Amino acid sequence: MTDSLATIPSTEPTTPPVAELVRPDTDRRILELLAQSFPTISAASTEIINLEAILNLPKGTEHFVADLHGEHEAFRHILKNASGNIKRKVTDLYGTSMRETEIRQLCALIYYPEEKLQDIRQTETDIENFYNITLHQLVRVCQTVSSKYTRSKVRKALPKEFSYIIEELLHESPSDYDKQAYFNRIIESIISTGQADAFIVALCNVIQKLSIDQLHILGDIYDRGPGAHHIMETLADYGKWDIQWGNHDMLWMGAAAGNDACIANVIRVSLRYGNLATLEDGYGINLLPLATFAMETYADDDCEVFACRANNADNPHSEKTLRLISKMHKAISVIQFKLEGQLIAAHPEWGMDDRRLLHRIDFDAKTITLPDGKTYPLTDPSLPTVDPADPYRLTPEELHLVHKLNHSFRVSTLLKRHIGLLFSHGAMYGVYNGNLLFHASMPLNEDGSLREVEVNGRKYKGRELMRQIGILLRSAFNDEASDTDRNYARDYYWYLWCGPDSPLFDKDRMTTFERYFIADKEAAHEEKGWYYKLRDREEVCDMILDEFGVTGQQRHIINGHVPVRTGSGESPIRAGGRLMVIDGGFAKAYHKTTGIAGYTLIYHSTNFELVEHQPFTSEEDAIREGTDIVRSNKMVEQASHRQRVRDTDKGRELQGQIDELRALLHAFRSGTIKERTGSSK
């Protein structure tokens with residue numbers, strides 16, 4: 001398959017004969033337990049009817065995003081507009097009866113109801129007429145987005161204070177002559193009782209909730225942008241979402257676990273991009289000790305090499321603050337290189353000794369000789385805290401500072417809660433409805449075979465590698481794990497950030513030191529692993545999909561991590577459609593690289609659609625002008641029939657429940673299990 005339309009083969013629903021459903025080997029204990037919930041033939045039959053009906057509903061809409069990197073405003077807008085899906089539904093409903101400007105304003109109301117209503121009340125001359133028209137419009141939109149779901153699921157999405165009224169409106173029609181007066185009277189009463197604003201807000205929130213059935217995040221919520229903590233707070237209150245961890249997430253998870261090298265990296269990256277809000281305002285990390293140390297140690301050093309990258313028009317920092325950030329940036333970077341050197345020395349099995357570079361500096365000549373034998377002048381030779389005789393030893397002041405920073409990360413309540421969310425909703429990989437999701441890579445050998453990687457003394461590959469890493473990471477926070485396992489797990493977070501065989505990185509080295517201290521860009525080259533070189537081959541992708549048990553003719557690997565240079569003609573669709581790389585550059589730092597401002601991949605019940613985003617300006621523009629961030633939509637695959645719940649993983653789970661209920665019916669009717677007629681479900 002190329003970028004043009006492809007077809008998902010039809011899977012017609014079939015009902016197996018009763019003889020196949022009633023398995024003689026069904027565990028009697030399971031049926032006895034099931035009978036506690038469904039004690040009679042009538043109760044079991046009713047549940048079968050309900051589940052069979054659900055199987056024939058259209059498949060819910062799945063959204064896939066990657067590499068959010070702290071861009072919380074753009075992320076919130078994407079959730080609010082369902083990556084343009086809400087506007088598409090509004091246009092389908094009103095495209096022939098409303099002008100484009102009116103459609104934009106209605107959509108802006110749906111996305112930001114409280115703010116938009118405040119704006120409207122300042123200019124609207126006939127507010128009751130506006131309420132009447134708008135409530136009718138919103139009810140129709142809500143009916144459309146809720147049509148895929150059972151009444152029970154829709155009811156759960158409704159706010160308690162208006163649930164009954166909204167449910168009545170959703171299942172009645174103003175065009176029904178017999179119910180027209182009833183419907184209209186409800187609308188009139190909402191307005192006359194002064195509840196129109198609150199009701200509009202409630203309807204808009206329900207539309208947003210029901211427009212995305214499942215949200216998949218392919219890693220890297222953290223770093224670069226200013227609002228990773230806001231993204232996590234949004235997700236805390238969100239419905240169904242999952243995340244496949246990225247290497248930037250690993251840094252923050254490792255920092256929360258107490259890994260000093262991860263803590264230093266987190267702070268360094270934050271200072272590099274001028275992002276102090278997440279650290280200080282979000283998680284309450286006290287950076288004052290670092291600032292004090294940096295001012296004392298680098299008082300006469302301009303630290304030009306460590307200038308903040310956020311020095312642009314939307315940078316909130318003063319010149320004085322930027323100078324301080326540069327000094328702090330240099331101070332924590334030097335500490336980082338020392339801590340990493342200690343960690344590498346403690347784990348020779350990682351094979352990363354070439355990343356220990358401080359002892360390769362010639363302080364007299366102000367040069368460094370890299371492991372390949374090449375010598376380069378240092379762009380910044382002023383390293384007053386590095387002892388040439390013992391370069392990886394922290395000074396007493398640095399050691400005291402590291403202890404303070406470690407404590408600050410370990411006691412942050414909000415950080416603990418957010419890391420808990422990453423664990424409860426996350427994993428190294430996920431398989432959903434024929435799609436294999438992982439952030440970056442699957443370690444491979446040159447011949448395309450799965451590469452064995454050592455984890456805590458044993459070697460694993462493929463699916464088992466990812467599973468074992470997931471188990472190991474959790475042990476860092478498990479009080480029942482041994483001290484040895486906890487310590488190794490805490491160290492391994494850093495390896496996942498930058499280790500050569502890390503599935504979240506998969507390059508020969510991370511050249512952080514070279515980017516700071518060597519002007520020659522060639523010295524900072526990072527050679528990608530074999531996955532990146534072979535992933536365009538269909539047979540390689542098929543081998544990986546087989547390894548993870550992903551079945552079906554139209555199955556996919558979906559990745560993030562590596563920005564797609566859309567502006568240079570790169571395509572996110574690879575390997576004949578087997579692979580989709582959806583890092584479109586949410587972070588502002590990547591906009592020039594990708595030419596866009598992010599992707600959303602949408603799996604509808606009828607097709608796969610790739611949405612390109614343009615940069616998000618502001619919520620104010622979205623509210624007042626109705627501006628949006630959807631740049632273009634491209635169909636990736638078209639289904640030959642509408643996918644239904646029975647075609648999904650959830651459908652297979654429900655079908656299993658139906659099979660067990662049919663077996664229970666058979667047991668009731670044969671007398672193997674007695675009905676409990678005195679009980680109720």
Side-chain angles (χ1 to χ4, degrees), residues 6-18 20-21 34 37-38 43-64 82-83 85-86 88-89 92 142-158 167 170-171 206-216 238-242 425 430-437 549-556 558 601-609 636-665:
T7 301
I8 301 173
S10 173
T11 306
E12 293 300 325
T14 58
T15 303
V18 174
E20 293 182 16
L21 293 174
L34 201 58
S37 298
F38 306 98
S45 299
T46 299
E47 184 67 7
I48 290 172
I49 293 167
N50 176 48
L51 295 178
E52 287 282 8
I54 292 174
L55 288 179
N56 285 282
L57 286 171
K59 170 194 167 297
T61 303
E62 299 173 74
H63 285 229
F64 304 79
S83 298
N85 202 31
I86 290 176
R88 182 171 65 86
K89 291 184 181 295
D92 288 344
C142 199
Q143 287 173 337
T144 300
V145 299
S146 65
S147 62
K148 287 185 176 184
Y149 308 115
T150 63
R151 287 194 180 193
S152 174
K153 183 166 184 174
V154 172
R155 192 178 298 122
K156 291 175 183 177
L158 303 180
E167 195 168 1
L170 291 182
H171 299 104
V206 171
I207 291 168
Q208 291 179 32
K209 283 183 181 179
L210 295 178
S211 295
I212 301 176
D213 188 53
Q214 180 79 28
L215 174 67
H216 306 287
Y238 199 67
K240 294 176 64 178
W241 64 278
D242 55 81
H425 290 262
V431 177
Y432 299 91
N433 299 324
N435 299 302
L436 170 61
L437 318 182
V550 185
T551 58
Q553 292 183 1
Q554 295 295 336
R555 52 187 185 161
H556 315 92
I558 305 178
L601 181 67
I602 307 176
Y603 188 7
H604 301 287
S605 59
T606 55
N607 58 57
F608 260 107
E609 180 182 27
V636 178
E637 285 181 357
Q638 177 69 50
S640 60
H641 79 292
R642 193 175 199 186
Q643 302 286 292
R644 302 197 177 273
V645 172
R646 70 168 61 253
D647 302 313
T648 67
D649 298 337
K650 181 65 176 177
R652 284 181 279 279
E653 179 185 327
L654 294 179
Q655 186 61 58
Q657 295 175 23
I658 291 170
D659 292 349
E660 291 174 350
L661 285 164
R662 289 189 183 277
L664 178 61
L665 279 182

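Note that the structure is a prediction, hence the values are computed from the model and not measured. Throughout, numbering of the chain's residues begins at 1 and tracks the sequence. Side chains included, hydrogens not; waters and symmetry mates left out as well; all remaining heavy atoms used.
A donor-acceptor distance shorter than 3.5 angstrom exists from the side chain of Asp647 to the backbone of Arg644, with no hydrogens or angles considered. The backbone N or O of Trp241 lies less than 3.5 Å from a partner atom in the side chain of His425, making a donor-acceptor pair.
Annotation: the span from Arg151 atom CZ to Ser146 atom OG amounts to 10.0 Å, rounded to 0.5 Å. For the atom pair Asp213 CG and Lys650 NZ, the distance stands at 10.5 Å (nearest 0.5 Å). The OG atom of Ser83 sits 6.0 Å away from atom CD1 of Ile212, with the distance rounded to the nearest 0.5 Å. Annotation: the span from Leu57 atom CG to Ser147 atom OG amounts to 9.0 Å, rounded to 0.5 Å.
Applying the side chain to side chain contact (heavy atoms under 4.5 Å, CB included) test to Val550 and every residue at least two apart in sequence or in another chain returns Val431, Leu436, Leu545, Phe548, Arg555. The side chain to side chain donor-acceptor pair (under 3.5 Å) test applied to Lys148 returns Thr61, not counting sequence neighbours. Asp242 meets the side chain to side chain donor-acceptor pair (under 3.5 Å) test with Gln214, His216, Gln244; sequence neighbours excluded. Checked against salt bridge (Lys or Arg N to Asp or Glu O under 4.0 Å), Lys240 has no partners two or more places apart in sequence or in another chain. Not counting sequence neighbours, Thr144 has no partner by the side chain to side chain donor-acceptor pair (under 3.5 Å) test. Looking at residues two or more places apart in sequence or on another chain, you find no side chain to side chain donor-acceptor pair (under 3.5 Å) involving Thr648. Partners of Leu51 by side chain to side chain contact (heavy atoms under 4.5 Å, CB included), not counting sequence neighbours, listed by chain and number: Glu47, Ile54, Leu654, Gln657, Ile658, Leu661. Judged as a salt bridge (Lys or Arg N to Asp or Glu O under 4.0 Å), and not counting sequence neighbours, the contacts of Glu62 are Lys59. Judged as a salt bridge (Lys or Arg N to Asp or Glu O under 4.0 Å), and not counting sequence neighbours, Asp92 has no contacts. Partners of Tyr149 according to the ring pair (Phe, Tyr, Trp, His ring centres under 6.0 Å) rule, which considers only residues two or more places apart in sequence or in another chain, do not exist here. Every side chain to side chain contact (heavy atoms under 4.5 Å, CB included) that Ser211 has, sequence neighbours left out, goes to Ala82, Ile86, Val145, Ile207. By the salt bridge (Lys or Arg N to Asp or Glu O under 4.0 Å) test, Arg155 is found to be paired with Glu167, residues two or more places apart in sequence or in another chain being considered.
Using a 4.0 Å cut-off between a side-chain N of Lys or Arg and a carboxylate O of Asp or Glu, Arg662 and Asp659 do not qualify as a salt bridge.
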Given Asn56 and Glu52, is the side-chain hydrogen bond (donor to acceptor under 3.5 Å, both in side chains) satisfied, shown in steps?
CA-CA 7 Å; Asn56 285 282; Glu52 287 282 8; 4.8 Å; no
Apply side-chain contact (heavy atoms from CB on, under 4.5 Å) to the pair Val154 and Leu158, showing each step before the final yes or no.
CA-CA 7 Å; Val154 172; Leu158 303 180; 4.3 Å; yes
Using side-chain contact (heavy atoms from CB on, under 4.5 Å), reason through Ile602 and Phe64 one step at a time and then give a plain yes or no.
CA-CA 6 Å; Ile602 307 176; Phe64 304 79; over 6 Å; no
Residue pair Thr606, Arg642: steps toward the side-chain hydrogen bond (donor to acceptor under 3.5 Å, both in side chains) verdict
CA-CA 5 Å; Thr606 55; Arg642 193 175 199 186; over 6 Å; no
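Here the two rings, on Tyr603 and His63, have centers that are 6.0 Å apart or farther.
Between His556 and Phe608 the shortest side-chain heavy-atom distance falls below 4.5 Å. Considering only heavy atoms from C-beta on, His604 comes within 4.5 Å of Asn85 through its side chain.
The two residues Leu664 and Ala44 have their closest heavy-atom pair at CD2-CB, 4.3 Å. Summarising the geometry of Pro58 relative to Val645, their closest heavy-atom pair is O-CG2, 3.8 Å, with the distance given to 0.1 Å.
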